[in-house]
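We name chains A, B, ... by the order of the sequence lines, and we start the count at 1 in each one.
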Number of protein chains: 2
Amino acid sequence: MPPEELPTRRLTVLDCAPLLSGTPLDEAGADRLAAALRVLAEPARLRIVSLIQAQPDREACVCHLTEVLGLSQPTVSHHLRVLFESGVLARERRANWVYYRMVPGALAELRQALGESGQPLAGGVTRG
Amino acid sequence: MPPEELPTRRLTVLDCAPLLSGTPLDEAGADRLAAALRVLAEPARLRIVSLIQAQPDREACVCHLTEVLGLSQPTVSHHLRVLFESGVLARERRANWVYYRMVPGALAELRQALGESGQPLAGGVTRG
DNA sequence: TGTCAATATTGAGGAACTTCAATGCCACCC
DNA sequence: GGGTGGCATTGAAGTTCCTCAATATTGACA
């Protein structure tokens, strides 16, 4: 296995119409959006993203995350890989350590796909 | 562990207060948010929400959804149950048919949890 | 070159989930 | 009341996913 870093794959959620727009999702669009949501629909991965954002410099190394999460190092590495390959996190090696940080705009894409489309529905103003 | 500036000794998990300055998710919060995301992280359920929202009157009965989705009736019923019990959909029986429609604000809650522009993953989702 | 620390990968066990056939339940109509 | 149509539930098969032990890989350093 070559020691190269995997290329960052960006989310392609926005190729489909927002969830609450007038045009329904086709099968392919639903599959893509579901895959993007599945990346975050996991407690350990949510905590990883949250922990990274909570750092003063908005980045964290694997050892720190492993310590805080209380999971084994391979498990944390697995989740980081999922987050990296889905385009949520970026990584950079410095000496012995690998630092992960958020990819700007990755979550905003998901929020838009969930219906941030100017539709009046989700504003919560239509109550009673 | 990576080198830190001052103090020289590594902080333990309980000591690392400065590293967690942005109120990261605790375990329970991560579980709740992951459960809420898991409800939508499924192509069939995404299509159901999308199809309902695409109806002129913003509601659909099971038979119509079953027809469009190309899934068996028990499978569609199962997904509708998941969406209903998680608070995404509401249902109402009229004669022989059961109509499902969106619960206003259900998705807005999720979008907020994903970080309404700049505050990612803060706050909580109350539905499990 | 050899050793050590940090991270990645592999493989397996087990839990959770999707799906459908079969069946049960409920409302309507004769 | 009996029959029918629409929907819900049950049970099982197959798949996906999380997790960890074991192992491999990489970079730093003597």
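Of the candidate nucleotides D/dA8, C/dC28, C/dT7, C/dT7 has the atom nearest to the side chain of A/Cys61.
Under 4.0 angstrom from either OP1 or OP2 of C/dT19 there lies no side-chain N or O belonging to B/His78. A close approach under 4.0 Å does occur between a side-chain nitrogen or oxygen of B/Arg81 and OP1 or OP2 of D/dT9. Side-chain nitrogen and oxygen atoms of B/Thr75 include at least one within less than 4.0 Å of the OP1 or OP2 phosphate oxygen of C/dC20. Side-chain N/O atoms of B/Arg93 include none lying less than 4.0 angstrom from OP1 or OP2 on D/dA8. Applying the 4.0 Å criterion to OP1 and OP2 of C/dC17, one finds that A/Arg38 has every side-chain N and O outside that range. One finds a side-chain N or O of A/Ser77 lying less than 4.0 angstrom from the OP1 or OP2 phosphate oxygen of C/dA8.
For A/Glu92 and D/dG27, the CD to P distance is 14 Å, given to the nearest whole Å. Computed from coordinates, the A/Asn96 CG to C/dA8 P distance equals 12 Å when rounded to whole Å. Rounded to a whole Å, the CG atom of B/Leu80 is 14 Å from the P atom of C/dC20. Nucleotide C/dA15 holds its P atom 16 Å from the CD atom of A/Glu42, rounded to whole Å. Rounded to whole Å, the distance from CG on B/Leu46 to C1' on C/dT18 is 14 Å. Protein atom CH2 of A/Trp97 is 17 Å distant from nucleotide atom C1' of D/dT25, rounded to whole Å. The CD-C1' distance, from B/Glu85 to D/dA8, rounds to 11 Å in whole Å. Straight-line distance from the CG atom of A/Leu83 to the P atom of D/dC17: 14 Å, rounded to whole Å.
With respect to the salt-bridge test (charged N to carboxylate O, under 4.0 angstrom), the residues B/Arg111 and B/Glu109 do not qualify. A salt bridge links B/Arg94 with B/Glu59: at least one charged nitrogen is closer than 4.0 Å to a carboxylate oxygen. Comment: B/Arg101 engages B/Glu92 in a salt bridge, judged by a side-chain N to carboxylate O separation of less than 4.0 angstrom.
At the heavy-atom level, B/Arg45 lies under 4.0 Å from the strands shown only through sugar-phosphate atoms. Among the heavy atoms of the strands lying under 4.0 Å from B/His79 are primed sugar atoms or P, OP1, OP2 only; no base atom is included. The residue A/Tyr100 sits close only to the backbone: its heavy atoms come under 4.0 Å of sugar-phosphate atoms, none of a base. Note on A/Gln73: a base of the nucleic acid sits closer than 4.0 angstrom, heavy atoms only. Nucleic acid contact class of B/Arg91 (heavy atoms, under 4.0 Å, all strands): sugar-phosphate only.
Here the side chain of B/Arg47 pairs no donor or acceptor atom with the backbone of B/Ala44 at under 3.5 angstrom. In this structure, B/Ser86 contributes its side chain and B/Val39 its backbone to no donor-acceptor pair below 3.5 Å.
The 5' end of DNA chain D is approached more closely, in terms of each residue's nearest nucleotide, by A/Leu71 than by the other of A/Leu71 and A/Ala95.
With contacts defined as side-chain heavy-atom distances shorter than 4.5 Å, the pair B/Leu114/A/Leu114 qualifies.
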